[in-house]
Amino acid sequence: MAPVASSSFFREARLPEQRAVEGVAFPAVLVPSGGPPGPGEGSLDEFLAAVRSERASRVEPLLREAGAVLLRGFPARTAADFDAAVEAFGYEELPYVGGAAPRTNVVGRVFTANESPPDQKIPFHHEMAQVPTFPAKLFFFCEVEPKSGGETPIVLSHYVYKRMKENFPEFVEKLEKHGLIYTRVLGEGDDPSSPIGRGWQSTFLTKDKSVAEERAVKLGMKLEWTDDGVKTVMGPIPAVKWDESRGRKIWFNSMVAAYTGWKDARNDPVKAVTFGDGSLLPADVIEACGKILEEECVAVPWQQGDILLIDNWAVLHSRRSFEPPRRVLASLCK
C-alpha cells in the first residue's frame, strides 16, 4: 500500500497473533498515530471525526486488502460510544431478520453478540449465510473484556475454499452444483440456553404468524408450523459464492456451524444442513473442514474498547468459550 501521510489519525500496528496470508497481514490493526491515550485522555469526538474523514482513504483500503480491521486504543468505552462509531462509518443498517442467534438490542444500532452460554463455542460462519439477504460488513465491540478465553477467531473465506478444493475436489464440485439446504426448528420465544435459540417471533420481528409468513417468503424460506413453534427450510442456497469486488470464489456458508452447532432440544444438527439435493453431508469432510478453519484462523484476545470491522464477504468468524465476565456487542451493516 502507498505510504500514508503522517497527519493521519491512524497508524498501522502489528500484533503477535497476526499472520501473513498471501503476503498480507491478517487482520489489519489500526491504533492512534500519537500512541494510545491515557485514562481520561483522547476525545471520542476526535475519533469519530477521524473515522468520517479517513474512512474512504485509510480504513476501507485496508479492509478490502485484509478482510478485517481491528481498531485498538481509541476512546470508545461504552455501547453508546460504539453506536456513535458505527454511525460515523456511515454504512446503512441491516435489520437482523432471519438470523439464528439470540440477541438483544442495547442502544441504537447495537445488539449483544450471541448470548449462548459461555462454555459453548460458536463454530465458524459467515453472518446470516443461510439467508439471501446478509450483511456486507459487521462490527464487533468489546465493552467488557473476558476474564479468560472468549476470542472471536476469524479466517479468510477464499483461502478456506482453496484448501477445501485441493483436499476434497469432488465434495466441493457437488457443493457448487447443488448448494445447501438449512433446516431449523424454532420455538415461539427465545431460548438463551441454545446458540440457535432465537424464537420465530424474534426471527421475523413479529408476533403475527401471517406477517412471519410474508417475511419468510421474502427470504425465500418455507415455514411448517407446529404446535409450539415452526420448522424453517431455506434453500437450496449457494454454499460457494463469487466475490465480485475481489474476483475470487469464497467459502460462503454456515455448513460447519450448522452441522456441529445447531443442536438443542428441537434440532438435530445432522439434519440441520444437507446438500441441495437432500443427500446427507459426509461427516469426515465436515470434520476436516472444521480443522482447516481452525488451522487457518487468527484469534486476537479482546481488550476493552476494541472495535473489529469485518468484511462479511471475505471473512468467517466464530467464538471461543470463555470465563465471564465478557460483553461483546455487534452491529450489522448493508
Given the rule that I, L, V, M, F, W and Y join up when any side-chain heavy atoms are under 4.5 Å apart, are Val131 and Ile250 in one cluster?
yes

Is there a chain of hydrophobic side chains (I, L, V, M, F, W, Y, each step under 4.5 Å between heavy atoms) that links Phe171 to Ile181?
no

Between [X] and [Y], is there a donor-acceptor pair closer than 3.5 Å when you use the side chain of the first and the backbone of the second?
| X | Y | answer |
| --- | --- | --- |
| His126 | Val315 | yes |
| Arg55 | Phe89 | yes |
| Asn267 | Asp264 | no |

Between Pro123 and Thr260, which heavy-atom pair has the shortest distance, and what is it?
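Shortest heavy-atom contact: CG-OG1, 3.5 Å.
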
Going from [atom1] on [X] to [atom2] on [Y], what distance comes out if it is rounded to the nearest 0.5 angstrom?
| X | Y | atom1 | atom2 | answer |
| --- | --- | --- | --- | --- |
| Glu143 | Asp81 | CD | CG | 9.0 Å |
| Leu186 | Arg198 | CG | CZ | 9.5 Å |
| Asn312 | Leu138 | CG | CG | 4.5 Å |

Between [X] and [Y] (salt bridge meaning N to carboxylate O under 4.0 Å), is one present in this structure?
| X | Y | answer |
| --- | --- | --- |
| Asp306 | Arg72 | yes |
| Lys334 | Glu93 | no |
| Arg19 | Glu296 | yes |
| Asp208 | Arg215 | no |
| Arg319 | Glu151 | no |
| Lys162 | Glu22 | yes |

Quick one: are [X] and [Y] in side-chain contact, heavy atoms under 4.5 Å?
| X | Y | result |
| --- | --- | --- |
| Trp251 | Leu175 | yes |
| Leu94 | Pro135 | yes |
| Gln304 | Arg77 | yes |
| Glu213 | Leu223 | yes |
| Phe322 | Trp302 | no |
| Val29 | Phe10 | no |

Decide whether [X] and [Y] meet the rule of one side-chain donor and one side-chain acceptor closer than 3.5 Å.
| X | Y | answer |
| --- | --- | --- |
| Tyr259 | Glu287 | no |
| Asp45 | Ser43 | no |
| Gln120 | Ser321 | no |

Would you list the pairs meeting ring pair (Phe, Tyr, Trp, His ring centres under 6.0 Å) in which at least one residue belongs to residues 223-247, sequence neighbours left out?
Trp200-Trp225

Is it true that, when you exclude Lys271 itself, more than 12 heavy atoms of the residues, nucleotides or ligands shown sit nearer than 6.0 Å to its NZ?
no

Answer yes or no: does atom NZ of Lys241 have more than 12 heavy-atom neighbours from other residues, nucleotides or ligands under 6.0 Å?
yes

Just to verify, what does Asp277 make a side chain to side chain donor-acceptor pair (under 3.5 Å) with, not counting sequence neighbours?
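Side chain to side chain donor-acceptor pair (under 3.5 Å) list for Asp277, sorted by chain: Ser279.
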
